[in-house]
Structure formats: C-alpha cells, structure tokens
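The figures here come from the full heavy-atom set of this structure, side chains too, leaving out hydrogens, waters and symmetry mates. Quick note on labels: first sequence line is chain A, next is B, and so on, each numbered from 1.
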2 protein chains.
Amino acid sequence: MVKSDYSLGILQYIPFFYVIWSDDLLSASEISVVKKTIELDAALNVDEKNQLSRWLDRENPPADNVLKSWKHTISNSNVKLIESDTYPLTSLSQRFGNLQCDNCDFNDHLKHIEINLGIQPNHYNHLFDVEVIHHKSSNFYDSNALDTILKGPHSMAVDDFRDILNQPIFQWDVLRNKEDFRGKVLQQVQLLGDKGYGAMAFSPEYGGTGNMPAYAAIFEHLMFVDGSLAIKFGVQFGLFGGSIQKLGTKKHHDQYLTDTGKAKLLGCFAMTETGHGSNVRGIKTTATYDKKNDSIIIHTPGKNDNKEYIGNALHSTMASVFAQLIVDGKNEGVHAILVPVRDKNNTILNGITIEDNGYKLGLNGVDNGKIWFNQVAVPRENLLNKYGEIRDDGTYFSAIKNPNKRFFTMLGTLVGGRICVAKGGVGGAKMALTIAVKHALNRRQFNDSVKVQEDLIMDYPTHQLRLTPAIASAYIYHVTLEEMMKRYSDDSQPDKRKIETQVAGLKSIITWFANDTIQECREACGGKGYLLENRIADLKGDVDIFTTFEGDNNVLLQLAAKGVLSDFKAEFNSAGFTSVLKLLRSQLADKLSTINPIYSNKVDKEHLYNPKFHRHAFNYRTRRLTYTLAMRIRSYIKKGIPSYQAFLKVQTHLLALGKAYSVELAYEIYNEFCASVTDKKHKILLDKLGTLYALHQLHADTGWFLEQGYFSGTKSKAIRQRVERLSTELRPHVEVLVDGFGIPEHCITAPIAK
Amino acid sequence: MVKSDYSLGILQYIPFFYVIWSDDLLSASEISVVKKTIELDAALNVDEKNQLSRWLDRENPPADNVLKSWKHTISNSNVKLIESDTYPLTSLSQRFGNLQCDNCDFNDHLKHIEINLGIQPNHYNHLFDVEVIHHKSSNFYDSNALDTILKGPHSMAVDDFRDILNQPIFQWDVLRNKEDFRGKVLQQVQLLGDKGYGAMAFSPEYGGTGNMPAYAAIFEHLMFVDGSLAIKFGVQFGLFGGSIQKLGTKKHHDQYLTDTGKAKLLGCFAMTETGHGSNVRGIKTTATYDKKNDSIIIHTPGKNDNKEYIGNALHSTMASVFAQLIVDGKNEGVHAILVPVRDKNNTILNGITIEDNGYKLGLNGVDNGKIWFNQVAVPRENLLNKYGEIRDDGTYFSAIKNPNKRFFTMLGTLVGGRICVAKGGVGGAKMALTIAVKHALNRRQFNDSVKVQEDLIMDYPTHQLRLTPAIASAYIYHVTLEEMMKRYSDDSQPDKRKIETQVAGLKSIITWFANDTIQECREACGGKGYLLENRIADLKGDVDIFTTFEGDNNVLLQLAAKGVLSDFKAEFNSAGFTSVLKLLRSQLADKLSTINPIYSNKVDKEHLYNPKFHRHAFNYRTRRLTYTLAMRIRSYIKKGIPSYQAFLKVQTHLLALGKAYSVELAYEIYNEFCASVTDKKHKILLDKLGTLYALHQLHADTGWFLEQGYFSGTKSKAIRQRVERLSTELRPHVEVLVDGFGIPEHCITAPIAK
C-alpha cells in the first residue's frame, strides 16, 4: 500500500486527478462527467466526496505543489502502468490505491471516467515516472473489420484480385529505361485482360460482369502495384474500351469489345491536342465525310493540332479519335471515330505519324505519344454513332438536336474515368500513409535522457498531426467515391448532370489531397522516403499528373461551382454562362440565417464533435459563397461587363465555392454511410474519423469562418486544439487504421515498412 | 469627335470614370485622389467640376444605365486602346475626348490619376469593346536593372560564371541510367574545379578568393544546369572541403585543400547514420585512439550504425568521418577524422564497405552510398583538430571545455551549407517560375466567343494569383539569403549562434516555399510541365529532399523557436532545454500592447501597403507566440512534467513560432535592402514585391490574426483583395520580373519556355 495521508477511496482517484490537471486535458463539460461519477461512487464517504469535488473547481484548481506531491506519491509506488490492459488507467489506479486487491473487480466508476473521457495511454504515460510497459499499437480494433466495411459489396472480387497481385509479374522493380518499363506494364495489362479484369465493366456477352463499381475497386488496387499499370489499364479498358462501349453501337460492340477487354486489340483514346489541353470543344482535328467514297477523312490541320499525351499510343493498333465531324460542309461538332493506326505487323499505317512523348516525371511505364493524321480515310461505320450518325443517304442525324447538349452528353458518358482517377489518387495516398505509419512505428529519433531508447517518431505530436487527419480523409474519400460510383452506375437515373458536376469537384479536391498526403509522407520518412525502393517517390511522381489529366483541377472546380450556382440545372460544363445567369436572376435571395453569437462562441466538446455542427458550418459556407458570388456576378453584368469577363473576375471565388461544396458533399456522404454501418464497435471509430475530417477541414479554412463571424477566436482555437487532440487520441489505433486499407502484404515491398 | 451630350472637358474623364466604377476598383482614399485632381484641372469649368464630383460619391454611385451609356459611347467611338503607350488610359481618353488633338500634350491631370492609382491595362482592357492593341508584356521596367540589383557585389563573378555554363558539357540531357548520369556530373564538377570555382571559398594560398558569398551565388546558378551538379559540387567543395577548411588546421589545409578545390582529391562528408538521421549527437560510429600504434581506429558498431546517404561516396578517395572520439576510454564527443576509403586505383580499402543507395526520386546524378568501417586505422594527425586534439602524450585536449559547446561550435562552422541549400531551393523556384511564366505568355486556352484568339493563360486571375506572389517571394528570399551569407561570412563577428538559429528557420521556410512553388509551376504548365524536357519535373524531384537534408525542416524550426524563446542566448541546438527554461523563468512579461479596434478595422490602401503595418503585424505575431509558448511550457514544468515532455507537448506551437519568426526576419532584411537601393525607378517595383510578399504572408495566416482579434473580418477580406489586386497589377511586368532572375538563355532549354 502506498504511504500517504489520503484515504484509500481518495487514493484510487489520485492518478485520474493528476492526469486531468497536469495536462489541462478536460473542458468544463468533461469535468462534470467526473463530478457526477464521484457522486455516484457509494464506496466514498461524504468527506471524501467533498475533498474530491474541491479538486474539480476550474476556477480554483489544485495548486502546483499538490500536483507535484501526487506525482511524487505515484512515482514512489511500485505500481506499473500496463498499456495492454483494457482500462490501463483504472487498473493502475486500483493497484495504486490498494495493492492487496490485485484480483478484485474493476471499479466501475473509474472505468466510466476512463471510457467517457476517451483517455488514452498516450495522454498520460509520459506523466508517470513509473515504468510503462509499452506497446506500439493497440489491438482494440480489428483491421479486418475495417477492411470489410470499406470493401462493401466488392468483397469477393477484391479478395480474389488481391491474390492475383501476388503473381511474380506484379512484383515491384526499378525499371529506368522506358522501353523495358513499358514492356513489363504491357504484359501486366495483357495478363489482367486474359483473366477477365479488363472486361469487368462490359456486359456479360463481351466477357464482363457489367459491374463498374467493382472495376473501380480493382483499378484502385493497381496503384498498390504501380501507377503506370493503373493508368495503362485505365486507358486500354476504361477510355478506349469505354468509348466503344458508351459512344458506339451494337456493331462496334460486337466487332471490338471482346478483343478490347482481353487486350488483344490495343487501343488509345485520342482526345487532347497540343494546342487545346482543357478545351475539348476547341479541338482542331477534322473528320470530313467523303460521300463519294463513303468514308471519313481524318486530318490534323496545323502543326500544333496533333493529338497529345495519348496513353498507349506506341502499342495501339487502333485509336478512338475525337474530331470535328464535318458532313456536307457543316461542322456537326466533336465526335469519336475509330481509326486503325498500325497493321498486324505493328507497322504504322500510311498518313499517320506517332511520336514518343519521351520521359516524364512519373508514369514512365505508360507509352504516351503524339499523333498526327494526314488525310486518313476510314469507313463510315467507324464513326461511334450512339449520339450522332451519318445516314446511308449521307446526311447527318442526331436525336439530340442541341449541339451543346450532344457534346456534353457524349463527354458525360466518360465521367467514370474521372471517378477512377480520384480513386487512384486515394489508393496512392493510402499506400504512402501505410508506409509512413509503419516506418514511424519502427523508427526512433532523439530521446529523453532518462529513457533507455529514443522515442518512436509516431509518438511526436507533430507527426501525429501530419499523418492522422490524412488517414481520416482517406477513409472519407474512399467512402465518397464508392457512393459516387454507385450513383453514376445506377442506370435507373439517366440524368447524370448533377453527378458529373459533383465528380468534377471531388476529383479536384481528392487528387490534391492525394498529392499533399504523399508529399507529407515523403517528408515524414525523411531521406528514406526519397529512395525509390521505399515506393513513396514513385507514388509522388505518378500521382502528380492526376491533378491535370481527366480535367485540370482548376478548370473542374470552376465547372463544379457553376453547377452549384445554377442549382445543377444548366449544362454544367458549357463554356457559355447564359443559363447560369438566367437562373441567378430568378433565385437570388439570401436565405442565410444570421449567426447567433452564443453559437459562434460555443466550444464545448459535445458541440464541436456534433455532426450537426459540422454540417451546419459546411452548408453555411457553401450557401454564403454561392450568394456572394452570384451577387458579384450580377453586379458586373448590370454594369455592362460581358459575362465571360465577369466570370473571369470572380475566378478565385469560383474555386473557393467549388472546394467548399465538394468538402460538404464528401462529409454528407460519409455521414450517411456511417449511419448505415451495423458493426457498432467499429462505427465508433469511423465516426471519430468523420469528426477529425470535419474539424480538420474547418480548421483549414478557419480564416474564412472567422471573417464571416461564424467562428469566434475562441472557437477557432478550440477547433485547432481538438484536431491535435483527436490526432493524439487515435495514435494507439493508427496501425489498425492503415491496415484497414487492406493493401496486400505482398504489395508493401518498401523496406522501411517491414 | 464622339457624339455625346457631354462637354469635351467631361468627355475626357469618361473612360476613367467608367473604369473606376465598373470594376469597383477604388477605395475611398483613392477616390479622393481623383477628386483633388479634378479640382486642380483649370481646363474644367465649375459646372463640369460639379458634375464630375457628383459621380464620385461612393454612397450614391452612378446608376447602372449611366455606366452602360458610357460604355456604349466609348465602344461606338473609333478610338483604340494602345497598351504600349506610356499612359494608355490617358492617351485613349484624350483621343476619345477630342480627335482633332492627336498631337497635343498629355493632360497632366489625367496622367496624375493614371499614375497615382496604379491603373494598368489589365485592369480595364476587358471593359472596352474597342480593339486593344495587345502586348504580352510591358517594357517599362528593365530586367537587366533588376538582375544587377540582385547580383549585388558578385556581378563580375556571376557574369563570368554564366558564360562558363554555356559550355557543351553543361547542356541539359536525359540520363536515366545512374552510372551515366553520375559520370557526367563528375566531369562537370571536375571542370568547375579545374576552372577554380571549387576553391572559391578557400583562401588564395589554396587557389581561392576567400569569397564565400560569391561561392554561394555560383552554387545557386548550378541549379539552372542541374540539381545533381549543384549537390555534388556542394558535397565536394562545401562539405568535404569545408570540413577540412573549418575543422582542420594548417597541416590539413596544406596537404589537402588545393587538391580538394581542384577536385583532384574527391571526398565525402560522412556524418549521418541510418539509425540517426537528425540526431547527430547520437551517432554510433567510434573513433578510438590506439596509443600503442598512435592511430585512430574507426569502427561501425552495429548494422544500422553505418553512414547513410553519403553523397560522392562512390567516387571518393577520402571521407571526412564524424564519430565519437574515445581517448583513454573516455568519450570526448563527436569529432571529424579524415579516412582514406579508396586507393589510387579506385579500389575500396580494407575494412571499408560501401554500398550504393540506389535510385532516388531525384538527384540521380549524385552517387549516394552507405559506408561501414570495420576497425579501420588512420594516423592520429588525420583528426581534424581545430576544436579538439590528441596531444603527443596521448591525452585529449580542447580549448572549449564544455563538450556541448564544443559540439555545436564544430557544427556551427558548417552552417554555410545550410544557407547554400536554401539558395539552391530559391534557384530551383526561380527556374520553375521562369519556365511557367514564359509558358503562360505563350499558351492560350478557352476564350470569349467575341475574340479571335483564346486568352493567354497569364491573363487569368487564378494564374496570376498562383505565380505572382511566388515571384515576389523569390525576390525576398534571394535578398534575405544574400544578407545572411554576408553576416555569416563576416569574420569580425565571431559569435554565430544567432545567425545559426536564424538560418535554421529560414532554410525551413525557404525550402518549403521552393517545393510549393515548383509544384504550382508544374500544375500551371499542365501536362507539358510533366515532361522531363520542360525541366520542372527534374526540379521537383531534386528540390524535394532539400526539406530534409542539412537538417529536417521540422527539427530546424524547433531549434529556431528555441532560439527565439531564449533570446538567442542559449546553445540553440542543444537537446537539453535547461538553458531555455532558465531564461524563461526570468524574462516572462507580456509586453504586448492591446489592439486598438480602429487599427484592426483599418482597411485603406495607405495603411495596408505601409511597411510599418506589415512589420507591426509580423512582430506582434512573433511576440505573442513567444509569450504564449513560454507560458504553456512554464505551466507544464510547474506541475512537475519533465521539460523534455513539456517541449513535446508544445511542438506544433514551436513550429508556428519558428515560421513566424523566419517570415518576420526575411521581411525585415528585405525592407532594409530596398531602402538601400539607389535605382529609384526599380526601387518602386521592388517595394511593391515586398508589399505583395507581406500581404500574402499575412493572408496565409489570417486565421491566427483573426483569432487574436488583430484583424477584423473586414480587414482580412481587404488583405485578400489586395493580394489579388497586386498580382493583377504586376501582370504587365511579370516577364521582366522573371527575366530579372538572370537565368542565362542557354540554361532555359525547356521547349515550352521558347
């Protein structure tokens, strides 16, 4: 028994009180939890209760020398803190209070405090000089359970696929020479085609399962092998195959789809031109119908009008070429035409010039090239004619009369690719986080001179803060993209305009998140993160371009914002702004409630952790930005400034709205998802990740909320502290969280992650 | 003459009024400039003055239909806007007001408004339907003048060096195979050694000029050729050569320095160990004095105690090895010893194992390796003995008795390397910005349907905002590092502790700035930025590691913060905190003035552009963070929390202070520098860059200033608007600004920058 003047009843509480006060850990509302518990503890007499209550007065906290005496008493006991105990602080306290009672039951009151305040060993183990039996991670949660939740309906497909990735050909290796690298990636793609993975999103008659969401889950897994593989796979099956599937008709499907899915017919997706990166409507390649020969002539008019950056260009035998279709002298707008580019001997066909794009920052296993066409004739039936065709009499026909609408309907069918790019980004971030966390749980650096070994770098608050919110975000974005893919693939909802707009915004914030996270992981691994063998370097180079391709992020965010402005009723990615303006004129009214100062000053934990608060804040931001943006544009227009110029002037405002809306959307989707999780134990953990994501996002934009008076200074500070605190609270579970991503062991080849 | 009801006097002012009101361009104080000018314009009669004054009432601005009629009148005139005019708006207005008077003098009053309000064509050319004779850039300022200012005293050395870089061996090329790449970089280093550039910082008797600042300027230029060259050059001459020069004594200088400077003796700097990245004091390699044989035995005790990431390891014949020096059984702390590692035939010597680190994210032209020593004996005189030696009688002696102080004195002599790394980062950022700006002045994307050609992407506000503050920052950091190098090299100030601390912080914020900027430039160039040929990709890979080597940024920032806490009086980079705490105890008093609400609401241009405001804000932040940090630490200590743990708990606060201090320091140095610039014309431009930097920095941390009540919401918004506005104002000069970096034409090989 510890020698002290305190009664046994009080003694049990001393470690708790020491933890509470020495670390300023608890807010007023949390102290009331302790107070209530003490009142209910029948083992305490009135004097003891009074004494303990006196130590819970925030206005008059225990003096420093009292705290020191508590610490001294604890240190001089023989009690050890055992982190692997289910309730380590309760266990320590009871043994501390009464050494005789080694086998007695837990004091439920202490347990209650420990659970309800979420006190974790890493909150207090540094406070005790007593020996700490240290474990790197807690096994309270189960990574398999998390993985199962994330896999959702694709569990079987994903598990099978993970096994496939154990084949030797998927072993990671350094291949510096691009021809060697491309050769290997081609083999990998062919193997996957052979196994049926290329056709997955096609219908069963062409070898698939018609399951686009499962295809996307597979696609993400390719990032764990290599970014080049993911992209080449996406080009062959998603873009080239997808263009035939979605823009072509049965004759094209029958002729090409099976071979495409098996990678027997290699193809590329020739949309972008050197002169026209983000402006697809402005492409210059022409496809002129030659009535006499019933063929279409594909032609590159100017030197800079070549197709640019076309993946698979050096291996393809066919290209899906986007060009201005000219029929009978009239430009009918952009259409896709299948153009053979190589013969069976892999020789480039007449009239076609293909140039290698050369070495890139990443993705050097993808053969990107430039393509020029010099009056290349293809049969009329090569026009992918689902949305527009040339009839037998040589006239053009489309069921969609409005050329704008036709164009965006065609592009809209390809939005699945944009979701996949975002998923690839999340996959890259998960991989980098897994490596960085495992490294941080091995690596020790510096130390307290008292301790025998240096600290794990995962125990540094700065390290927790740089990795943990990113882990939470990866969970949120995984769930968000799963849901978007589900909605996109739901054929009962044919109008995809809203989803397209939402995906435009989400792709932007998620690919930026992926890049930031991979960079943070690189730095968190120090020099080791810089070595190719540790994989983060390649991820960095590969994922970098995700912010640019399938739509430049800045352009996409503006599209998303215009969608919000028009309440998703206008052609979201139209270059004209008329429809948006029409809507603005009618619907402008500031529905925003004014902010109650009590609300903007509210800082208690219940409020800050409440999803209602997060949703209100996110929604307030979106609405406020929409309103002020609309007012600004309207004011410019009223003064006679052309709408194009008016939109140019509010560009930064558009970007802010696009981001704000996307974050709100992701959080809403994640929240709904959590509500549907039936595994109660892990739901708590998932909810906590949602809270961390929300607070982290609010903190990142706290300047704006403060400007608006939505946050007081105190509230802003409280949010920052909560982000730090949550990151620390999750420290024991950080390994389970990254293991929950389900990246197969055989893919994690990084020596520092061993 | 334009048909209108307005008198000629009024007509001249119409374009100005249209610009002012249609774009909400002017604040209250700016309108008063216009008002005053009108009052002074003797050509106007009273009625005209009254009419014009009525149009200057912010409470009651001209109605929208009045604005529209102005626009209509201007559009229907035959007057063209000629941007190349010195005062384009004045010129337009006069021709508009009176077509007869093509050759009359400028109306000084209009000129006065145009100059004093800083109205630029890109503020208003979109407002007119009149044809705009468009120039990509203004030549009002002179890039050579800026270059001359930046070169400062190194003008001759730098100009000569730029010519040297035109030699074919410095031509940029893709070398994927590391052996080829390393071979080329070695040749480059040898050529530079041969030409005398390696020895530059050494004294004349060893082939140098003793000019460390000029050496650093040269070093930065190497980044324009290739990052690997810069780093290998730095390792050979700065680190290996520097260790001999600064830690050795005359016998070492005489024997090695000349050959080192000529790259005839290749050496490496073997400090870091696998197990101890940032914690140099904890390295495990031992150097045990063997009295019997009068030699020192170098030994790697454990598998992970090898030297790691050592540049030049595969080419070196000698290593400067940092090891725990043990004399007569006593560990005297870390010392450097020269250890031959290869013989004349380039064969690795007995007892030494060297392994290639393999491929990296960047810098693959640098041969990094791991080194193990197995009981390797070297003569006693190989100890670099300036600060500690083994005497003839076999006893250890050092004039610096305190081992801590001895250690940090030795490390401190190497701080020049840290400045060079930061300079390299700025060089990389300059290069990327130059390429991105030149691309943005060539590349057109999207357009107004009315216009013939698509807009230059440099004309997008978002593009201006992503590149222009970075250009300003590059100027500020260039000047800051020049000054720090000057102070560091000033031998009349032997106590470098404060400079070391300052450099620790500056290196962190500047290398992060460099990485962010290069990334922004990559994205700003779209897919083109991803191609190696356009150079940004390599810069990204190379500069990435600058945040980690020569001190991890997070560790360095904490050192900087501890320096600020202790008022630079303690051993800044000591792992112990005692000295800091001692100081804290004595000096804690909040000297901060309370913030006047009028001040926190002040938003007029004079105030926001005033350096006094910026300095006050930066200084307030540093002091406030210092005070609150000190209070937190003291409170933890008082409660009995060990100081090591207390510092751990405030880690994020330390980082914030380190950054805040560094930004303040950079701005102070830049301000002083501008005050000394004698070229009045370009001083205005440099001042504007300083303003943009300051406002951009304040905006980036606006959440904090709002939290503190230092900014009101209105002020925060006003600052954001000013950052956007300044970025647009600088648009015409953006090419001159990047040309002012002085990167030689022959180094800018990127096709997109042509």
Side-chain angles (χ1 to χ4, degrees), chain A residues 21-22 64 67-68 71 126-127 174 176-177 277-279 308-309 357-361 445-446 448 450 460-462 465 522-523 526-527 530-533 537 540-541 544-545 547-549 552 554 575 638-642 644-645 648-649 651-652 655 702-703 706-709 713 716-717 724, chain B residues 21-22 64 67-68 71 126-127 174 176-177 277-279 308-309 357-361 445-446 448 454 460-462 465 522-523 526-527 530-533 537 540-541 544-545 547-549 552 554 575 638-642 644-645 648-649 651-652 655 702-703 706-709 713 716-717 724:
Chain A
W21 286 112
S22 60
D64 289 338
L67 281 175
K68 277 190 185 162
K71 181 185 157 81
H126 61 275
L127 298 175
V174 176
R176 295 291 286 178
N177 178 284
S278 295
N279 186 4
E308 172 72 277
Y309 241 108
N357 265 127
Y359 282 101
K360 295 158 290 181
L361 175 55
Q445 190 75 268
F446 292 107
D448 189 342
V450 188
Y460 292 156
T462 45
L465 198 58
R522 203 300 287 153
E523 293 185 36
Y530 198 62
L531 298 175
L532 284 201
E533 64 178 19
K540 204 184 141 182
D544 178 281
I545 196 69
T547 61
T548 300
F549 68 21
D552 175 85
N554 279 301
K638 272 185 160 175
K639 287 170 184 158
I641 294 181
Y644 175 83
Q645 297 294 350
L648 210 55
K649 289 177 143 309
Q651 242 188 354
T652 54
L655 296 182
T702 198
L706 285 157
E707 271 182 12
Q708 302 294 322
S716 174
K717 280 181 215 169
E724 292 188 16
Chain B
W21 285 113
S22 62
D64 289 339
L67 282 175
K68 276 189 186 162
K71 182 187 157 78
H126 60 276
L127 298 176
V174 175
R176 295 291 286 177
N177 177 285
S278 295
N279 187 3
E308 172 71 278
Y309 241 108
N357 264 127
Y359 283 101
K360 294 157 290 180
L361 175 55
Q445 189 75 270
F446 293 105
D448 190 344
E454 295 177 305
Y460 292 157
T462 46
L465 197 59
R522 204 299 288 154
E523 293 185 35
Y530 198 61
L531 298 174
L532 283 201
E533 63 179 22
K540 203 185 142 180
D544 179 281
I545 196 68
T547 61
T548 301
F549 67 20
D552 174 85
N554 280 301
K638 271 185 161 176
K639 287 168 184 159
I641 294 181
Y644 174 82
Q645 298 293 350
L648 211 53
K649 290 177 143 307
Q651 241 187 353
T652 54
L655 296 182
T702 197
L706 284 156
E707 271 181 13
Q708 301 295 321
S716 173
K717 281 182 216 168
E724 292 187 18

> Highest number of heavy-atom pairs under 4.5 Å with chain A: which of B:P461, B:G703, B:G526?
Replying inline: B:P461

>> Ignoring hydrogens, what is the shortest heavy-atom contact between A:K540 and B:L361? Give both atom names and the distance.
In response: CD-CD2, 3.8 Å

> Do you know which of A:K68, A:E724, A:K638 has the most heavy-atom pairs under 4.5 Å to chain B?
Replying inline: A:K638

> For A:N554, is it the side chain, the backbone, both or neither that has a heavy atom under 4.5 Å from a heavy atom of chain B?
Replying inline: side chain

>> Report which part of B:L465 has an atom under 4.5 Å of a heavy atom belonging to chain A: side chain, backbone, both, or neither.
In response: side chain

>> Counting heavy-atom pairs closer than 4.5 Å to chain A, which one of B:T547, B:D544, B:T702, B:L706 comes out on top?
In response: B:D544

>> At a 4.5 Å cut-off on heavy atoms, which part of A:L531 comes close to chain B: side chain, backbone, both, or neither?
In response: both

> In Å, rounded to the nearest 0.5 Å, how long is the span from CG of A:L67 to NZ of B:K639?
Replying inline: 6.5 Å

>> Run the side chain to side chain contact (heavy atoms under 4.5 Å, CB included) test on A:Q708 and B:K717 for me, step by step, so that the C-alpha distance in whole Å, both residues' side-chain angles and the decisive distance to 0.1 Å come before the verdict.
In response: CA-CA 10 Å; A:Q708 302 294 322; B:K717 281 182 216 168; 4.0 Å; yes

> Going from CD1 on B:I545 to CZ on A:R522, what distance comes out if it is rounded to the nearest 0.5 angstrom?
Replying inline: 4.0 Å

>> I'd like to verify something: which residue of A:N177, A:L655, A:N357, A:T462 has the highest number of heavy-atom pairs under 4.5 Å with chain B?
In response: A:T462

> Are the side chain of B:Y359 and the backbone N or O of A:E533 linked by a donor-acceptor pair below 3.5 Å?
Replying inline: no

> Which bit of A:Y309 is near chain B, if near means a heavy-atom gap under 4.5 Å: side chain, backbone, both or neither?
Replying inline: side chain

